[in-house]
Amino acid sequence: MSSGHVLALSGGVGGAKLAAGLAAVLPPERLTVVVNTGDDFEHLGLTICPDIDSVTYTMAGLNDRQRGWGVAGETWQAMAALKALGEADWFNLGDRDLGMHVARSWRLRAGESLSDVTVRLTQSLGIAHKVAPMSDDPVRTQVQTAKGWQDFQQWFVGEQCAPSVSAIRFAGTPGARPSTAFAEALARPDLSAVVFCPSNPFLSVDPILAVDGVRGALAGLTVPRIAISPLIGGKALKGPLSKLLAELGQEGSNHAIAAHYGTLLDTLVIDRSDGDDAMHLQAGGLAVTLANTLMRGPDDQSRLAREVLAAVGVEY
Ligand code: GDP
Ligand code: CA
């Protein structure tokens with residue numbers, strides 16, 4: 001068993017649940033959560049970082065589990081006021097959520113880095129573990145549809161993912177450097193494991209892998225690298241992953257997830273309902289762990305986190 005540091009790579013709501021589970025079972029000095037910033041955008045003068053927000057709300061226990069995103073107990077007065085003023089209303093901004101965006105935006109404009117702002121905001125909400133953006137340099141995910149290249153949020157929220165996607169790119173890469181916390185975590189001599197949270201591999205994890213030097217650093221690690229599949233019963237729980245797999249010409253199964261990460265991965269955790277996939281994945285050289293990967297709340301989150309750490313021999 002090793003008792004060193006764990007680096008978790010996360011997107012938004014799917015990744016956030018496991019990140020919260022890892023934080024529940026590991027002390028603060030043993031976990032760094034690095035979050036995708038490819039979804040970030042400027043809207044109504046605010047800098048919005050949807051995946052950092054999802055991770056922050058979930059790790060702080062403030063997330064709305066019924067709606068599946070945003071803050072619990074949210075109200076929508078500001079949105080109604082903005083609409084009445086003729087401003088764009090395609091992106092939902094709750095009143096509580098707006099507080100987060102205002103706090104982040106003014107701090108950034110005052111010259112703080114996104115890394116510093118993220119530490120400030122997460123600590124203010126009682127999160128003791130380190131949460132860091134993948135990069136302090138702007139990276140913007142774009143999808144290619146019949147209309148050409150579209151900004152991610154315009155496609156994801158504005159068009160509800162309806163236009164078919166033929167390619168994905170991350171504007172700002174190459175050239176975006178890993179945040180200091182990310183680079184430090186990758187280089188730690190006591191690094192024990194890298195956990196790819198059950199996030200969308202194409203939209204949430206690929207931008208992280210596109211940051212300068214990250215693929216190479218992960219490929220060169222000798223510690224276990226373990227991913228949790230975002231598929232349950234062969235399907236994404238929510239979001240555009242299943243649709244993307246079909247549109248990008250890939251199999252709608254764990255084989256596509258394993259093939260996508262390729263040699264960056266040593267172990268894949270798949271849901272028990274997909275147990276039939278295990279033999280074929282193992283034949284491809286991957287270690288496979290079966291678990292109940294559905295996280296309905298904090299108990300499931302920490303149970304799965306323990307199973308993930310146990311699978312790679314990391315103490316908790
Ligand atoms: P987003 O950035 O908010 O879209 O979130 P992520 O990329 O982090 O996660 C989206 C993926 O999480 C989807 O493909 C879901 O299938 C997956 N997901 C959500 N909840 C769970 C869960 O409880 N268990 C597993 N295994 N996957 C989940
Ligand atoms: Ca996201």
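Given the structure is predicted, the values throughout are model-derived calculations rather than measurements. Read the numbers this way: they start at 1 and go in the same order the structure lists the ligands and their atoms.
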Residue pair S199 / S204, side-chain donor-acceptor N/O under 3.5 Å: no

Can you confirm whether the side chains of Q77 and T75 place a donor and an acceptor under 3.5 Å from each other? no

Working for side-chain hydrogen bond (donor to acceptor under 3.5 Å, both in side chains), residues N254 and H280: CA-CA 10 Å; N254 284 310; H280 192 237; over 6 Å; no

Should one rank P230, G68, S242 by closest heavy-atom distance to atom 27 (N) of ligand 1, which comes out on top? P230

From atom 6 (P) of ligand 1, work out which of P50, S54, G12 has a heavy atom at the shortest distance. G12

Identify, by atom number and element, the atoms of ligand 1 in contact range of [X], meaning under 4.0 Å from any of its heavy atoms.
{"X": "T293", "answer": "22 (C), 23 (O), 24 (N), 25 (C), 26 (N)"}
{"X": "L241", "answer": "14 (O)"}
{"X": "D51", "answer": "2 (O)"}
{"X": "S204", "answer": "2 (O), 6 (P), 7 (O)"}
{"X": "P198", "answer": "9 (O), 11 (C), 12 (O), 17 (C), 18 (N), 25 (C), 26 (N), 27 (N)"}
{"X": "A236", "answer": "14 (O), 16 (O)"}
{"X": "S199", "answer": "6 (P), 7 (O), 8 (O), 9 (O)"}

Can you list the steps and then say if R188 with E29 is a salt bridge (Lys or Arg N to Asp or Glu O under 4.0 Å)? CA-CA 12 Å; R188 285 181 77 113; E29 66 278 8; over 6 Å; no

Heavy-atom pair of closest approach, residues Q250 and A256: OE1-CB, 4.0 Å

Pi-cation contact, W69 with R67 (under 6.0 Å, within 45°): yes

Any nitrogen or oxygen of I228, side chain or backbone, less than 3.5 Å from one on ligand 1? no

Parallel, tilted or perpendicular: which describes the rings of F91 and H43, with under 30° parallel and over 60° perpendicular? perpendicular

Relative to each other, are the rings of F152 and W155 parallel, tilted or perpendicular (30° and 60° limits)? tilted

Under-4.0 Å heavy-atom contact between protein and atom 4 (O) of ligand 1: no

Interatomic distance, L245 atom CG to L231 atom CG [nearest 0.5 angstrom]: 6.5 Å

What N, O or S atom of D39 is found closest to the Ca ion (ligand 2)? OD2

Please name the atom of D51, restricted to N, O or S, that is closest to the Ca ion (ligand 2). OD1

At under 4.0 Å between heavy atoms, is it the side chain or the backbone of K17 that contacts ligand 1, or both, or neither? side chain

Honestly, for C197 the part within reach of ligand 1 (heavy atoms, under 4.0 Å) is neither

